[in-house]
Amino acid sequence: MSTFASFFRKELTARKRTDKITALTIIFLFLGVLAPATAKFMPKLLEKFGDSMTDSGMTITVSEPTALSSFSQFFGNFSIGLIVMIVMESGVFAGEYSSGTLIPVLTKGLKRAKVYFAKLLTVILLWTVYYWISFSVMYGYTAYYWDTGVVNNGFIAGFSAYAYGLYLLILTAAFSAMASTGIQTLIAVGAVYLGDSLLAMVPKLSDWLPCRLIKVEQIINGKEQPDVLLPAFGVTAALSIAAVIISKHIFDKKPI
Amino acid sequence: MNILEISELRKSFGDKTVLDGLTLNVPEHSIYGFIGRSGAGKTTTMKIVLGLLRSDSGEVRVAEEKVSFGETATNRFIGYLPDVPEFYGFMTAAEYLRFCGEITGMQGDDIKTRSAELLEAVGLKNEKHRIKGYSRGMKQRLGIAQALLGRPKLLICDEPTSALDPVGRKEILDILQNAREQTTVLFSTHILSDIDKICTDAAILEGGKICLSGGISDLRSKMSSEGYELELSRPEEAAIIAEAFGCETEGCRIVFSEKQHSIGDLMRSLADRSIRPVHLTRLERTLDELFAEVIGK
């Protein structure tokens, strides 16, 4: 087994034995089911709620749910899974700094580049697998209950949200490599997210920011074409690559 | 051959100078004790030797190859046991050794046989639990096993016995002594009795430099006998002897310097007066006192 493969396998085994894999499986499956379930049962709940409000003169009319409702719910909820994963992975590097477990590994001569990319690859792999499991579960149930033909560019929208999550997780890994603790990592990721959201209030900038990638409501209902996302894709990809290059450089020089 | 050669090593952290021209040579197959107070710079020195820390100036050679910061090529000669060894808690000892073997590119069969040998040598052969439940002593023992896995030429241990009870300490010292056949051992400590027990050579680090170093027998010869301590059964007897020799008493005890009074005269005096001593001991400067004296300079 190559030295890289050995360290990569260690990363996966660690997550399995610390029950992270179990937790992620439960959460992401749940999110996949939640979207169609919410879409299906929300109208009934609102109707019941509406009945009890008629005395005060309020009426609630709810239109029949479609596949669009399910997709829409998914894009609203998937960030829960993303946040869980960001918190879990905030210590991907920083955890080993504080525990000192990297010292024997590096002193035995395992190249820092291999350590860096094995950890980065693990984070990317986890997000890729779990996001698409969640999306597939959502899609499966949605297709079962409704006609998915009404959804425009569903997979592109799905990919867009995936890309946004991937970017935030790459940032998490990058900050973790540069920071000393998981908390510092989370603060840094939070600050970037906040900056992104604030800048998005400026109309001229909004299409160029990473957070544009999760505003896909108008794409799935056909009011916007997917190519409006291209500037945001470009910027997000560039930011991700920059984060990797800078953090790897810092990791290579870090006293452990 | 010297397995480790350090010359004129300097390192400062901000305005604090830790190493100020440290020069040290460790001969092959020695057990070399590296003594110093807490904060003297022992761990700093070791980290520089391992390429984990960059020195400000000076040169380090391991097996005659130069050590550079960030490059771990010279680490193929070194096995390292950190002062608070931490290993992946989710693995068992055997799994951890296999992992270490794999990341150093050892062959599968070699890993198996070597792991079994070492786990037996450190007394962890039958331990099937995960590392997260290990005591400090067990982690130290696993630490030595992983450090020796690749048959290193130099085993560096940072305070391997510091936080252990006497039994644990003895176990570790025995393992290190046995390791001498296969490798050279350099270990840092501030527990001088450990040096006394197993070291062949030692060096004292103080003020950023080595202020005393050499073979243990050389160092011991510096601890020449200073005098004698005589203990008698009654203070009156002590007073009599003290008056005869012009010394002071401490209760029933008198300390003589061999320079002032010959031991023969003392024993004759006791016999003449029919005084039976409780004990008559030759005082040797202990390593502790030597250390304190060197540090005090």
Side-chain angles (χ1 to χ4, degrees), chain A residues 1-24 88-89 91-119 121-122 177 180-181 247-256, chain B residues 11 13 43-44 46-55 67 69-92 95-108 111 130-132 139 142-147 149-150 152 154 156 158:
Chain A
M1 173 168 286
S2 80
T3 58
F4 176 85
S6 179
F7 194 83
F8 179 66
R9 187 178 66 173
K10 184 277 291 180
E11 289 290 313
L12 294 174
T13 311
R15 285 158 180 79
K16 190 176 97 168
R17 291 202 184 167
T18 50
D19 294 328
K20 284 183 179 174
I21 300 288
T22 310
L24 288 174
M88 247 186 216
E89 294 299 320
V92 59
F93 284 87
E96 287 216 53
Y97 298 156
S98 38
S99 67
T101 43
L102 265 186
I103 295 174
V105 170
L106 290 177
T107 53
K108 282 184 187 307
L110 186 63
K111 293 223 167 11
R112 290 198 184 209
K114 293 189 185 185
V115 171
Y116 181 88
F117 285 112
K119 286 182 176 288
L121 187 63
T122 304
S180 312
T181 66
S247 61
K248 180 176 177 305
H249 180 77
I250 291 186
F251 176 70
D252 283 346
K253 301 273 175 275
K254 208 179 205 309
I256 301 286
Chain B
K11 179 69 186 172
F13 293 100
T43 303
T44 303
M46 289 176 171
K47 286 195 166 176
I48 293 173
V49 171
L50 291 158
L52 293 175
L53 201 55
R54 193 197 292 276
S55 63
V67 172
F69 168 69
E71 302 290 318
T72 46
T74 40
N75 288 353
R76 70 189 190 279
F77 298 125
I78 305 178
Y80 177 53
L81 174 61
D83 60 349
V84 186
E86 286 300 337
F87 311 115
Y88 296 118
F90 63 88
M91 292 186 182
T92 63
E95 285 172 344
Y96 190 79
L97 288 185
R98 193 181 77 183
F99 168 71
C100 290
E102 283 169 1
I103 60 172
T104 48
M106 281 171 76
Q107 295 302 313
I111 298 175
R130 291 185 187 171
I131 294 170
K132 72 174 179 229
K139 284 185 188 172
L142 175 59
I144 296 178
Q146 62 84 31
L149 190 68
L154 174 63
I156 297 183
D158 197 348

J.: Write down the atom of A:Phe4, the atom of A:Ala118, and the distance for their closest heavy-atom approach.
T.: CE1-N, 3.4 Å

J.: Are there any donor-acceptor pairs closer than 3.5 angstrom between chain A and chain B, and if so, which ones?
T.:
residue  : atom : partner  : partner atom : Å
A:Ser6   : OG   : B:Glu102 : OE1          : 2.7
A:Arg9   : NH2  : B:Glu102 : OE1          : 3.4
A:Arg9   : NH2  : B:Glu102 : OE2          : 3.4
A:Lys10  : NZ   : B:Tyr88  : OH           : 3.3
A:Arg17  : NH1  : B:Phe90  : O            : 2.6
A:Arg17  : NH1  : B:Glu95  : OE1          : 2.9
A:Arg17  : NH2  : B:Glu95  : OE2          : 2.9
A:Glu96  : OE1  : B:Tyr88  : OH           : 2.6
A:Glu96  : OE2  : B:Tyr88  : OH           : 3.3
A:Thr107 : O    : B:Asn75  : ND2          : 3.1
A:Lys108 : NZ   : B:Gln146 : O            : 2.8
A:Lys108 : NZ   : B:Gln146 : OE1          : 2.9

J.: If you look at every heavy atom in B:Ile78 and B:Pro152, which pair is closest and at what distance?
T.: C-CB, 3.6 Å

J.: For B:Gly150 versus B:Met106, what's the shortest heavy-atom pair and its separation?
T.: CA-SD, 4.2 Å

J.: Heavy-atom pairs under 4.5 Å with chain B are the metric here; pick the option from A:Leu102, A:Leu110, A:Ile103, A:Val105 that has the most.
T.: A:Val105

J.: For the atom pair CZ (A:Phe251) and CZ (A:Phe117), what is the distance rounded to the nearest 0.5 Å?
T.: 10.5 Å

J.: Check B:Gly51 against B:Phe69 and note the closest heavy-atom contact, atom names and distance.
T.: O-CD1, 3.4 Å

J.: Looking only at non-hydrogen atoms, find the nearest pair between B:Ile111 and B:Leu97 and report the distance.
T.: CG2-O, 4.1 Å

